[in-house]
Amino acid sequence: MNSIKQLILLALTSLIIGCTLVQSVNKLGKDIYTPNKDEWEGTWVSEGGSLQLKIINQEHGEIEIMFIENGKLLKYRVFLTQNDDDNTYMNIVGKTEEKHYYFAKFKKDSNQTIVWQASTEALKEAIIKKKINGSIVKNKYGDTIIINATKNELNKFFIKNRRQMLFEYEEPLILRRLTK
């Protein structure tokens, strides 16, 4: 995955083009991750392009990511969360009326953020083996993995299995913030 644009677009277009993707009816992360305006807002760049990030509601960990794609300004809401084990997550939603979150794990250090998308294979296997409540919807070009676990069950599963490859650690997205 080359850019946050691709991560967001993959999440939002999965239903249209049928890519295999992980969705959840609940946010991953028990607690709110409170972003610091001085460390988060601004222009971020990666191999695949750039984006603008703005804090919408600091107390709720809500940020907005904006970028231009094919001449159109696209905006996406992201809720930042964390678990007791210091793992931090991005829960992406495209439109207010959407009922699913597309989540990724992130690690922030100064002006750099590393993002890992959820492992479709690991979560598909967990659903098949009934380790977590969910379903797999077959599409023409791939599957949609829908995690229906309660917020508590979802977070317990990720905490209990944190040493497993639940994210695509071999293909991180690295974002760097431009500073003044």
Close side-chain approach of [X] and [Y], heavy atoms under 4.5 Å:
{"X": "L80", "Y": "I63", "answer": "yes"}
{"X": "L173", "Y": "I114", "answer": "no"}
{"X": "D31", "Y": "D84", "answer": "yes"}
{"X": "T43", "Y": "R177", "answer": "no"}
{"X": "L175", "Y": "Q112", "answer": "no"}
{"X": "R176", "Y": "N111", "answer": "no"}
{"X": "M165", "Y": "S119", "answer": "no"}
{"X": "V137", "Y": "D143", "answer": "no"}

Rounded distance [0.5 Å steps], [atom1] in [X] versus [atom2] in [Y]:
{"X": "K151", "Y": "S24", "atom1": "NZ", "atom2": "OG", "result": "10.5 Å"}
{"X": "I159", "Y": "L28", "atom1": "CD1", "atom2": "CG", "result": "9.0 Å"}
{"X": "I147", "Y": "L154", "atom1": "CD1", "atom2": "CG", "result": "6.0 Å"}
{"X": "H60", "Y": "I55", "atom1": "NE2", "atom2": "CD1", "result": "14.0 Å"}
{"X": "L123", "Y": "I146", "atom1": "CG", "atom2": "CD1", "result": "13.0 Å"}
{"X": "K131", "Y": "Q164", "atom1": "NZ", "atom2": "CD", "result": "5.5 Å"}

Under 3.5 Å, is there a donor-acceptor pair linking the side chains of [X] and [Y]?
{"X": "Y89", "Y": "K27", "result": "no"}
{"X": "N83", "Y": "N155", "result": "yes"}
{"X": "Q82", "Y": "T88", "result": "no"}
{"X": "Q23", "Y": "Y102", "result": "yes"}

| Should V25 and L166 be counted in the same cluster of Ile, Leu, Val, Met, Phe, Trp and Tyr side chains packed under 4.5 Å apart? | no

| task | Under the ring pair (Phe, Tyr, Trp, His ring centres under 6.0 Å) rule, what do F106 and W40 come out as? Steps first, then yes or no, please. | result | CA-CA 13 Å; F106 78 92; W40 281 85; 5.6 Å; yes

| request: Apply the test side chain to side chain contact (heavy atoms under 4.5 Å, CB included) to residues N87 and K105: give CA-CA distance (whole Å), side-chain angles for both, the deciding distance (0.1 Å), then the verdict. | output: CA-CA 7 Å; N87 282 310; K105 183 176 180 178; 2.9 Å; yes

Has the side chain of [X] got a donor or acceptor atom that lies under 3.5 Å from a matching backbone atom of [Y]?
{"X": "N91", "Y": "F79", "result": "yes"}
{"X": "E153", "Y": "T150", "result": "yes"}
{"X": "S46", "Y": "I174", "result": "no"}

| query | Has K156 got more than 12 heavy atoms of other residues, nucleotides or ligands less than 6.0 Å from its NZ? | reply | no

| task | Check ring pair (Phe, Tyr, Trp, His ring centres under 6.0 Å) between F157 and all other residues, then give those that pass, not counting sequence neighbours. | result | none

| note | Residues passing the ring pair (Phe, Tyr, Trp, His ring centres under 6.0 Å) test with F158, sequence neighbours excluded, are F103, F167

| task | Please report the closest heavy-atom contact between A104 and Q117, naming both atoms and the distance. | result | CB-CA, 4.2 Å

| field | Residue pair N26 / A149: nearest heavy atoms and the distance that separates them | value | ND2-O, 2.9 Å

| message | Apply side chain to side chain contact (heavy atoms under 4.5 Å, CB included) to residues I136 and I128 and explain how you reach the verdict. | response | CA-CA 9 Å; I136 301 166; I128 291 169; 3.8 Å; yes

| said: Let's go through T113 and M90 carefully: what are the C-alpha distance in whole Å and the side-chain angles of both, what is the deciding distance for side chain to side chain contact (heavy atoms under 4.5 Å, CB included) to 0.1 Å, and is it a yes or a no? | reply: CA-CA 11 Å; T113 301; M90 294 180 170; 4.3 Å; yes

| Cationic tip of K107 above W116 ring, under 6.0 Å, 45° of axis | no

Cut-off 3.5 Å, no hydrogens considered: what does the side-chain donor-acceptor table look like for residues 32-39, sequence neighbours left out?
from : atom 1 : to  : atom 2 : distance (Å)
N36  : OD1    : D38 : N      : 2.8

| said: Run the side chain to side chain contact (heavy atoms under 4.5 Å, CB included) test on M66 and L73 for me, step by step, so that the C-alpha distance in whole Å, both residues' side-chain angles and the decisive distance to 0.1 Å come before the verdict. | reply: CA-CA 7 Å; M66 299 167 279; L73 177 64; 4.1 Å; yes

